[in-house]
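The block underneath contains the structure these notes are about, expressed in structure tokens.
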Amino acid sequence: MYLDTKLCEILGITNPIIQAGMAGGPTTIELVASVSNAGGLGTLGAAYMKPEEIRAAIRKIKEQTSKPFAVNLFCTDWQDQYDGVEESQRVLNVIREKLGMEYLDNQVETNNFFEEQFEVLIEEKVPVISTAFGILPRDKMAKVKEQGMKVTSMVTTVREAQLAEKEGADIIIAQGSDAGGHRGTFEIEKNTLGATIGTFSLVPQVVDAISVPVVAAGGIMDSRGLVAALALGAQGVQMGTAFLTTVESGAHPVYKEALVNSTEESTVITKVFSGRPARGIKNAFIQAYQDAKVSPADFPTQNTLSSDIRKEAALQNNPEFMSLWAGQGTRLLQNEIPAEKLISDLVAGAKRILS
């Protein structure tokens, strides 16, 4: 068992560690570049960014590193879904009142930039495209292959892994239910939270079912998790929560504080912020929907509906109404650690265990 895995060979990295592409701001240019410079694969979470913002960020990343990096996009339906909007908006308006905000009506419009975002990645020749919530359409996968770019796809079941491999993904990231943030499940039925299979149950089953390299994701925070993933047949790990408290992270200070003060029992999987299931620290926003016994609108409509509240809560330094995405391993977090040191410690610790 060695750290110089097939994953490293395919992606052109020296350490089998991928920093998750967390959308919404945590994956700063500095974080992505630092991870890549440390031998891992830094990932820009670009799903909510405008095309011109993505282009500018990619160029700045290239100024700070000559190493490979990835950009993550959501491959799913971005059309607004209006079922449940009025009911959900009533709950949100109660929250707005608590924050001193104006009520909003039920008119919703979500910008869909996916086509333009994808073209930016092609034009800028991004080394790796990372996908969540699905896989690239066949015409786009063909264009990626023509450019010699690599594709990683997040999955939450064996069936999804097989489909992603069939459609051309070079790397499969098996995301367990331990993982923080949005679940990578391809298809979400109303009133379900998608697949909820733990990381170390999912990984060996995916490894046995496909032939391309598998990366373990979900609840992995230190060298022990890396070695355990390798022992189960994974070629590396993807980590998100561990990077949220690094020096380079763009996470809000009160978000970082909530992470450091949380435990393995603090998180729940919920749809209330975006309409898609995601694991985060339970707070007053989540509780409001539970008390009202109301289901949120579907993705992306709910994400658009709640965005003003999340922004205002951040301005007010109020974590009770922010989306505090986190995995289940938060007792293992290291606060304000440089990303480069986080990776070097992971690698050194794994080598000690394996020696």
Side-chain angles (χ1 to χ4, degrees), residues 11 18-29 31-32 35-36 41-62 68-80 110-156 160-161 163-165 167-173 175 179-188 194 215 217 238 240 243 250 274-278 299-300 303-304 307 325:
L11 298 183
I18 298 174
Q19 164 249 309
M22 299 169 282
T27 56
T28 62
I29 291 161
L31 176 59
V32 175
V35 171
S36 291
L41 185 75
T43 307
L44 177 69
Y48 299 132
M49 296 171 68
K50 295 178 181 178
E52 59 268 26
E53 294 172 336
I54 297 175
R55 190 186 304 277
I58 289 170
R59 292 181 178 180
K60 288 179 180 177
I61 291 168
K62 287 179 177 179
F69 64 93
V71 176
N72 177 263
L73 297 179
F74 293 162
C75 293
T76 190
D77 183 7
W78 280 88
Q79 300 301 312
D80 279 314
T110 301
N111 292 316
N112 182 358
F113 294 122
F114 178 76
E115 294 291 334
E116 295 90 342
Q117 289 173 330
F118 176 79
E119 287 305 318
V120 168
L121 304 196
I122 295 296
E123 291 166 6
E124 296 296 325
K125 295 181 171 56
V126 171
V128 182
I129 295 180
S130 162
T131 67
F133 305 163
I135 50 183
L136 288 173
R138 289 181 177 176
D139 62 323
K140 290 179 172 52
M141 184 69 81
K143 186 175 288 190
V144 168
K145 298 296 185 179
E146 289 171 6
Q147 297 293 323
M149 300 157 68
K150 303 299 181 184
V151 176
T152 70
S153 294
M154 284 204 316
V155 306
T156 58
E160 291 172 355
L163 179 59
E165 179 185 33
E167 294 299 318
D170 299 286
I171 305 290
I172 301 298
I173 298 173
Q175 183 198 37
H182 282 94
R183 311 286 300 112
T185 305
F186 289 8
E187 298 175 0
I188 301 293
V215 171
Q238 176 173 284
F243 285 101
S274 70
R276 283 192 68 99
F299 180 89
N303 190 70
T304 304
S307 63
W325 304 137

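Since this is a predicted model, take the numbers as computed values, not measurements. Counting from 1, the numbers follow the sequence of the chain as shown.
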Under the side-chain contact (heavy atoms from CB on, under 4.5 Å) rule, collect the residues that match up with [X], sequence neighbours excluded.
X      : answer
Glu52  : Lys50
Pro300 : Trp78, Asp80, Thr110
Ala47  : Ala23, Phe74
Met49  : Leu44, Ala46, Glu53, Ile54, Ala57

Test side chain to side chain contact (heavy atoms under 4.5 Å, CB included) applied to Thr76 and Phe114, step by step: CA-CA 9 Å; Thr76 190; Phe114 178 76; over 6 Å; no
Answer yes or no: is there a side-chain heavy-atom contact under 4.5 Å between [X] and [Y]?
X      : Y      : result
Lys62  : Phe69  : yes
Phe299 : Asp77  : no
Pro26  : Phe243 : no
Thr28  : Leu31  : yes
Pro277 : Ile188 : yes
His182 : Met154 : no
Gln175 : Val155 : no
Leu11  : Ile18  : yes

Shortest non-hydrogen contact between [X] and [Y], atoms and distance:
X      : Y      : value
Gly184 : Thr156 : N-CG2, 3.7 Å
Asn72  : Ala132 : ND2-N, 4.0 Å
Lys143 : Phe118 : CD-CE2, 3.9 Å
Gly42  : Val35  : N-CG1, 3.6 Å
Ile173 : Ala217 : CG2-CB, 3.7 Å
Ala169 : Ile172 : CB-CD1, 3.9 Å

Of all pairs that satisfy salt bridge (charged side-chain N to carboxylate O under 4.0 Å, His left out), the ones with a partner from residues 121-135, not counting sequence neighbours: Arg55-Glu123, Arg55-Glu124, Arg59-Glu124
Roughly how far, to the nearest 0.5 Å, is the [atom2] atom of [Y] from the [atom1] atom of [X]?
X      : Y      : atom1 : atom2 : result
Ile171 : Lys150 : CD1   : NZ    : 8.5 Å
Ser153 : Glu165 : OG    : CD    : 11.0 Å
Glu119 : Ile122 : CD    : CD1   : 6.5 Å
Ile29  : Ile61  : CD1   : CD1   : 6.0 Å
Asn111 : Glu116 : CG    : CD    : 9.5 Å

Evaluation steps, side chain to side chain contact (heavy atoms under 4.5 Å, CB included), between Thr152 and Val128: CA-CA 7 Å; Thr152 70; Val128 182; 3.8 Å; yes
Qualifying residues under side chain to side chain donor-acceptor pair (under 3.5 Å), relative to Thr43, sequence neighbours excluded: none
Residues Ser274 and Asn303: side-chain donor-acceptor under 3.5 angstrom: no
Under 3.5 Å donor-acceptor, Ser36 side chain and Pro68 backbone: yes
Step-by-step side chain to side chain contact (heavy atoms under 4.5 Å, CB included) determination, Val71 to Ile58: CA-CA 8 Å; Val71 176; Ile58 289 170; 4.2 Å; yes
Test side chain to side chain contact (heavy atoms under 4.5 Å, CB included) applied to Gln19 and Leu41, step by step: CA-CA 6 Å; Gln19 164 249 309; Leu41 185 75; over 6 Å; no
Derivation of the salt bridge (charged side-chain N to carboxylate O under 4.0 Å, His left out) call for Lys140 and Glu167: CA-CA 11 Å; Lys140 290 179 172 52; Glu167 294 299 318; over 6 Å; no
